[in-house]
Amino acid sequence: MTPRGTRTDEDAEDLDVEEVLALVNDSNGTHLPDPAARGEKDSAPTPRKPDTRHRATPWPQARDIAERAARSATRAARRDPVSVPLDAALGLTLATPLDALTDLPPFDTSAMDGWAVAGPAPWDVRDEGVLAGHVGQAPLTDGEAVRIATGARIPADTTAVLRSEHGRTDDKGRLHATRGVVPGQDIRPRGQECRTGDQLLPVGTLVTPAVLGLAAAAGYDTVTAVPRARAEVLVLGDELLTEGLPHDGLIRDALGPMLPPWLRALGAEVTAVRRVRDDADALHRAMTTSDADVVITTGGTAAGPVDHVHPTLRRIGAELLVDGVKVRPGHPMLLARITETQHLVGLPGNPLAAVSGLLTLAEPLLRTLAARPAAEPYTLPLRDAVHGHPHDTRLVPVVLRGDEAVPLHYNGPAMLRGIAAADALAVVPPGGARPGQEAELLDLPWASAGIGVCFT
């Protein structure tokens with residue numbers, strides 16, 4: 001059967017980050033008009049009519065469908081931006097510009113430890129120095145100097161700051177310069193970095209640790225940001241242990257500990273992790289009682305005797321947008337729309353296959369809900385050949401060594417040993433890749449240079 005939700009409207013509108021943010025940050029209290037009212041096509045995936053045979057969605061198209069589904073959900077949800085304390089804003093996206101609330105620096109400050117001096121040398125040095133955070137001293141007069149610390153407020157009428165290593169005192173206690181003094185040297189003038197009202201960062205900026213520091217310096221206690229999408233994890237399976245060694249046909253649950261921090265790194269707020277036994281009614285109760293924006297299930301997406309995800313989705317009237325993806329591992333992953341504003345990502349139960357599902361469907365869905373910009377795609381040559389699937393894309397763990405990507409072993413669907421050591425996943429096209437062939441790379445959250453290094 002052809003997957004419902006396969007998109008055929010190639011000319012559907014694309015929304016950039018600022019347009020997505022406009023849906024949650026309309027300063028006039030109104031919302032974007034319905035695309036149909038403008039005579040435009042909706043960007044939500046359009047279901048195809050069922051075919052007589054199942055056909056999985058190509059990997060790039062599956063990611064595009066997930067992104068477009070999130071845009072549709074954002075339009076329907078009309079979530080308001082939230083005011084967030086700085087210590088809770090890491091990883092969010094700015095919903096309003098970050099404008100300076102003060103000049104930076106707010107007053108003339110010393111860029112070095114040394115002396116604030118006025119006029120030509122030699123200088124008589126005042127007894128009491130100037131420290132950062134202390135009230136400034138009286139104005140200097142020509143021929144006068146005062147000890148000053150880095151960051152301290154410059155006294156009025158100061159000519160320059162003489163660094164400690166560039167000054168000496170004679171036997172009468174007068175200060176001399178050991179090199180030329182240029183007016184204004186080593187003084188950070190008020191407003192050098194910005195003036196009050198200057199835009200420091202635009203809407204759509206990801207809040208990184210440096211952004212938090214800039215916001216604090218510019219006078220902010222909170223920032224206005226796009227709220228996190230709420231995600232709930234349903235771990236399915238009677239065979240899973242939460243502690244101890246595997247025994248008697250039971251195995252440890254690897255996905256329960258792995259998924260919440262990974263989802264947080266993708267921008268979600270994980271509201272709960274629930275364990276659901278292999279029972280259709282139990283899964284139905286779990287799905288229908290979740291109020292999360294995104295429900296993540298593990299396992300049960302195939303057609304085995306206890307694979308209840310598909311029947312339950314049919315039972316609740318969900319719309320399958322992606323029903324299988326042409327990717328290995330992770331072929332039986334799925335994406336369903338439960339309501340206009342709620343989606344379900346069905347991950348395969350095998351650990352590496354679940355990772356494939358995270359990066360294929362959950363990442364573009366959650367990234368778009370969080371109004372985060374997509375990472376710029378990049379490629380590196382593969383050091384070694386990689387066997388490919390005859391028809392499907394393969395995602396293979398790699399480590400980055402210089403200007404090459406080195407494929408790792410232990411890359412079977414049930415294995416985590418390779419991905420635990422990896423920096424990225426290489427996207428290997430059908431048929432495989434030869435040594436030196438360029439491959440697209442998907443960075444893992446903890447290996448990327450961006451916000452993903454933070455999991456809280």
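Positions are given from 1, in the same order as the sequence printed here.
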Open item on the list: When you compare the side chain of Leu263 with that of Leu366, does any pair of heavy atoms fall below 4.5 Å?
Closed with: yes
Open item on the list: With a 6.0 Å cut-off (strictly less than), is the heavy-atom count around NE2 of His409, excluding the residue itself, greater than 12?
Closed with: no
Open item on the list: If you count heavy atoms of other groups shown closer than 6.0 angstrom to CD of Glu438, is the number above 12?
Closed with: yes
TODO: Check whether any side-chain heavy atom of Leu313 lies under 4.5 Å from a side-chain heavy atom of Leu334, and answer yes or no.
DONE: yes
Open item on the list: Using every non-hydrogen atom in the two residues, find where Pro407 and Val396 come nearest and quote the distance to one decimal.
Closed with: CB-CG1, 4.4 Å
Task: Donor-acceptor contact present, side-chain Thr379 to main-chain Ala439, <3.5 Å - done: no
TODO: Could you tell me whether the side chains of His284 and Asp279 share a donor-acceptor contact shorter than 3.5 Å?
DONE: no
TODO: Could you check if a side-chain atom of His343 sits within less than 4.5 angstrom of a side-chain atom of Leu335, using non-hydrogen atoms only?
DONE: yes
Open item on the list: Show the nearest heavy-atom pair for residues Trp262 and Pro445, with the distance to one decimal.
Closed with: NE1-CG, 3.4 Å
Open item on the list: Please check: side-chain N/O of Asp198 versus main-chain N/O of Leu200, any donor-acceptor pairing under 3.5 Å?
Closed with: no
- [ ] Check whether any side-chain heavy atom of Val294 lies under 4.5 Å from a side-chain heavy atom of Leu344, and answer yes or no.
- [x] no
Open item on the list: Tell me if a side-chain donor or acceptor on Thr341 pairs with a main-chain N or O of Ala76 at a distance below 3.5 Å.
Closed with: no
Task: side chain to side chain contact (heavy atoms under 4.5 Å, CB included) partners for Ala302, two or more places apart - done: Asp307
Open item on the list: Measuring only between side-chain heavy atoms, which start at C-beta, is Val233 closer than 4.5 Å to Thr297?
Closed with: no
Task: Under 3.5 Å: donor-acceptor pair, side chain of Thr205, backbone of Pro202 - done: yes
Task: Between CG on residue Leu425 and OG1 on residue Thr360, distance to nearest 0.5 Å - done: 9.0 Å
Open item on the list: Can you list everything that forms a side chain to side chain contact (heavy atoms under 4.5 Å, CB included) with Glu232? Sequence neighbours excluded, please.
Closed with: Leu234, Thr271, Ala272, Arg274, Ser290, Ala292
TODO: For the residue pair Leu442 and Val427, establish whether any side-chain heavy-atom pair is separated by less than 4.5 Å.
DONE: yes
- [ ] Check for a donor-acceptor pair, side chain of Tyr220 on one end and backbone N or O of Asp99 on the other, with a separation under 3.5 Å.
- [x] yes
Open item on the list: Counting only heavy atoms from other residues, nucleotides and ligands, does the tally under 6.0 Å from CZ of Arg252 exceed 12?
Closed with: yes
Open item on the list: Tell me whether Arg63 contacts the main-chain N or O of Glu363 through its side chain, where contact means a donor paired with an acceptor under 3.5 Å.
Closed with: no
TODO: Any salt bridge (Lys or Arg N to Asp or Glu O under 4.0 Å) involving residues 282-301? Give me the pairs, sequence neighbours left out, ordered by first then second residue.
DONE: Arg230-Asp291, Arg230-Asp293
- [ ] Output the distance between atom CZ (Arg372) and atom CG (Leu92), rounded to the nearest 0.5 Å.
- [x] 8.0 Å
Open item on the list: Can you give me the closest heavy-atom contact between Val161 and Met112, atom names plus distance?
Closed with: CG1-O, 4.1 Å
- [ ] Please answer whether the main-chain N or O of Gly256 pairs with a side-chain N or O of Asp253 as donor and acceptor at a distance below 3.5 Å.
- [x] yes
- [ ] Could you tell me which residues satisfy side chain to side chain contact (heavy atoms under 4.5 Å, CB included) with Asp103, sequence neighbours excluded, listed by chain and number?
- [x] Arg190, Arg195, Thr196
TODO: With sequence neighbours excluded, tell me which residues meet side chain to side chain contact (heavy atoms under 4.5 Å, CB included) with Asp113.
DONE: Ala149, Thr150, Ser164
TODO: Please check if the side chain of Asp423 supplies one atom and the backbone of Leu400 the other of a donor-acceptor pair under 3.5 Å.
DONE: yes
Task: side chain to side chain contact (heavy atoms under 4.5 Å, CB included) partner of Pro429, chosen from Glu440, Gln437, His389 - done: Gln437
Open item on the list: Less than 3.5 Å apart, any donor N or O on the side chain of Ser83 or Thr222 sitting next to an acceptor on the other?
Closed with: yes
TODO: Evaluate salt bridge (charged side-chain N to carboxylate O under 4.0 Å, His left out) for Glu67 paired with Arg71, printing each intermediate quantity in order.
DONE: CA-CA 6 Å; Glu67 184 172 318; Arg71 288 173 176 167; 2.7 Å; yes
Open item on the list: salt bridge (charged side-chain N to carboxylate O under 4.0 Å, His left out), that's the test. Do Glu340 and Arg75 meet it? Break it down for me.
Closed with: CA-CA 9 Å; Glu340 276 192 309; Arg75 179 181 291 111; over 6 Å; no
Task: Residue pair Asn350 / Pro413: nearest heavy atoms and the distance that separates them - done: CB-O, 3.1 Å
Open item on the list: A side-chain contact here means heavy atoms from C-beta on lying under 4.5 Å apart; do Met287 and Val276 qualify?
Closed with: no
Open item on the list: Can a donor-acceptor pair be found, under 3.5 Å and without considering hydrogens, that links the side chain of Asp238 to the backbone of Asp278?
Closed with: yes
Task: Pairs touching residues 381-394 that satisfy salt bridge (Lys or Arg N to Asp or Glu O under 4.0 Å), sequence neighbours left out - done: Arg328-Asp392
Open item on the list: Can you tell me which residue among Leu358, Val235, Val355, Val273 is in a side chain to side chain contact (heavy atoms under 4.5 Å, CB included) with Leu259?
Closed with: Leu358
Task: Gap between atom OG of Ser110 and atom CD1 of Ile154 - 0.5 Å precision - done: 4.5 Å
Open item on the list: When you compare the side chain of Arg79 with that of Pro227, does any pair of heavy atoms fall below 4.5 Å?
Closed with: yes
